[in-house]
Amino acid sequence: MPERLLTVFSLYGFCSIIFFATGIMNIENYFNWIGFTVCSILFGVILGMIIYYCISLFEPDVRNYKNAKGFRLIHILIFSFVLTSFAICRYINEYKNNDSNCRKYVIKELGKSGTRHSAYYVFINTKNGIERLSFGKAFNENHKPGDSISLCLMKGRLGFEYYKIKKQ
């Protein structure tokens, strides 16, 4: 039975990369993205440990089982849930959020990363200094430095603030 559980959760771990990609997309738009990342990782570790404990209550052999590479089920669970927690925390934080502070900002500069899969950035002046935000390629193609844009600083359900383009 532990071998089957390890296989199932290994597949889940592989699929959790998709959740990680959706959760981390445009993380630059979070006001305190480092705090959000740390909280997401802690949530994933705790959730993985809780699931491991529940499984070990019903299948005690899981505690001593290792696969051929030396991985235990707890390693795979923690890895998988840390990746998944980014999407879960982001969804919870942004779910039906109406608490916002909207105002106009002037685009100071537009930027593009030099990687193979380019990321597009917008630099604006805020009361805390220059913020780097990301709204995608189409946004950057339709705007230029000096343009005025309406942004809302949204306060999420988990308490993390993030910028969002105001819908007209």
Side-chain angles (χ1 to χ4, degrees), residues 1-101 111-122 126 128-129 131-137 139 151-165 167:
M1 184 67 166
E3 184 71 36
R4 185 180 303 161
L5 283 172
L6 199 63
T7 303
V8 167
F9 283 110
S10 293
L11 289 172
Y12 173 70
F14 184 71
C15 293
S16 66
I17 293 170
I18 296 168
F19 291 109
F20 177 71
T22 60
I24 203 130
M25 186 174 49
N26 294 336
I27 195 131
E28 301 90 9
N29 296 353
Y30 271 76
F31 192 66
N32 182 9
W33 65 268
I34 293 174
F36 177 77
T37 301
V38 169
C39 287
S40 294
I41 290 170
L42 288 175
F43 175 69
V45 169
I46 292 168
L47 189 60
M49 291 171 72
I50 289 171
I51 300 290
Y52 176 74
Y53 177 74
C54 292
I55 290 172
S56 66
L57 287 176
F58 298 105
E59 188 65 44
D61 294 340
V62 165
R63 293 181 186 198
N64 300 323
Y65 179 78
K66 289 183 188 176
N67 72 356
K69 294 182 180 177
F71 288 111
R72 295 179 187 257
L73 182 62
I74 191 159
H75 299 133
I76 293 171
L77 284 172
I78 287 176
F79 174 77
S80 302
F81 282 104
V82 163
L83 293 181
T84 305
S85 67
F86 279 95
I88 292 170
C89 289
R90 186 163 180 176
Y91 178 75
I92 292 170
N93 194 54
E94 295 180 12
Y95 182 73
K96 291 188 179 178
N97 190 358
N98 295 325
D99 185 20
S100 65
N101 178 15
K112 176 183 169 186
S113 68
T115 63
R116 194 169 114 196
H117 300 287
S118 298
Y120 297 86
Y121 301 108
V122 176
T126 66
N128 297 324
E131 284 284 333
R132 182 181 85 167
L133 307 173
S134 179
F135 299 115
K137 182 179 181 179
F139 181 88
L151 295 178
C152 298
L153 183 60
M154 312 286 281
K155 183 154 179 119
R157 293 187 182 268
L158 298 177
F160 293 101
E161 296 178 324
Y162 59 96
Y163 287 98
K164 197 170 193 175
I165 297 175
K167 298 198 177 174

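Note that these values count all heavy atoms, side chains included, but never hydrogens, waters or copies made by symmetry. Quick caveat, the model's predicted, so the values are computed rather than measured.
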Rounded to the nearest 0.5 Å, how far does [atom2] of [Y] lie from [atom1] of [X]?
| X | Y | atom1 | atom2 | answer |
| --- | --- | --- | --- | --- |
| Cys39 | Phe36 | SG | CZ | 8.5 Å |
| Leu42 | Leu47 | CG | CG | 12.5 Å |
| Phe20 | Ser85 | CZ | OG | 9.0 Å |
| Tyr30 | Glu131 | OH | CD | 14.0 Å |
| Cys54 | Phe58 | SG | CZ | 7.0 Å |
| Leu158 | Glu94 | CG | CD | 10.0 Å |

Do you know which two heavy atoms are closest between [X] and [Y], and how far apart they sit?
| X | Y | result |
| --- | --- | --- |
| Tyr163 | Phe135 | O-CE2, 4.3 Å |
| Ile41 | Phe86 | CG1-CZ, 4.1 Å |
| Phe19 | Ala87 | O-CB, 3.3 Å |
| Ser134 | Tyr120 | OG-O, 3.0 Å |
| Met154 | Lys164 | CG-CB, 4.0 Å |
| Cys89 | Ser40 | CB-OG, 3.5 Å |

Side chains of Asn93 and Tyr162: donor-acceptor distance under 3.5 Å anywhere?
->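 No.
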Would you check if there is a donor-acceptor pair between the side chains of Thr84 and Tyr12 at a distance under 3.5 Å?
->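 Thr84 and Tyr12 do have a side-chain donor-acceptor pair below 3.5 Å.
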Does the pair Phe81 and Ser16 meet the rule for a side-chain contact (heavy atoms from CB on, under 4.5 Å), with working shown?
-> CA-CA 8 Å; Phe81 282 104; Ser16 66; over 6 Å; no
Intermediate values then yes/no, side-chain contact (heavy atoms from CB on, under 4.5 Å), Met49 and Ile78 | CA-CA 7 Å; Met49 291 171 72; Ile78 287 176; 3.9 Å; yes
Go through the steps for Leu133 and Leu151 under the test side-chain contact (heavy atoms from CB on, under 4.5 Å), then give the verdict.
-> CA-CA 11 Å; Leu133 307 173; Leu151 295 178; 3.7 Å; yes
Checking Arg157 side chain against Tyr95 main chain: does a donor-acceptor pair fall under 3.5 Å?
-> yes
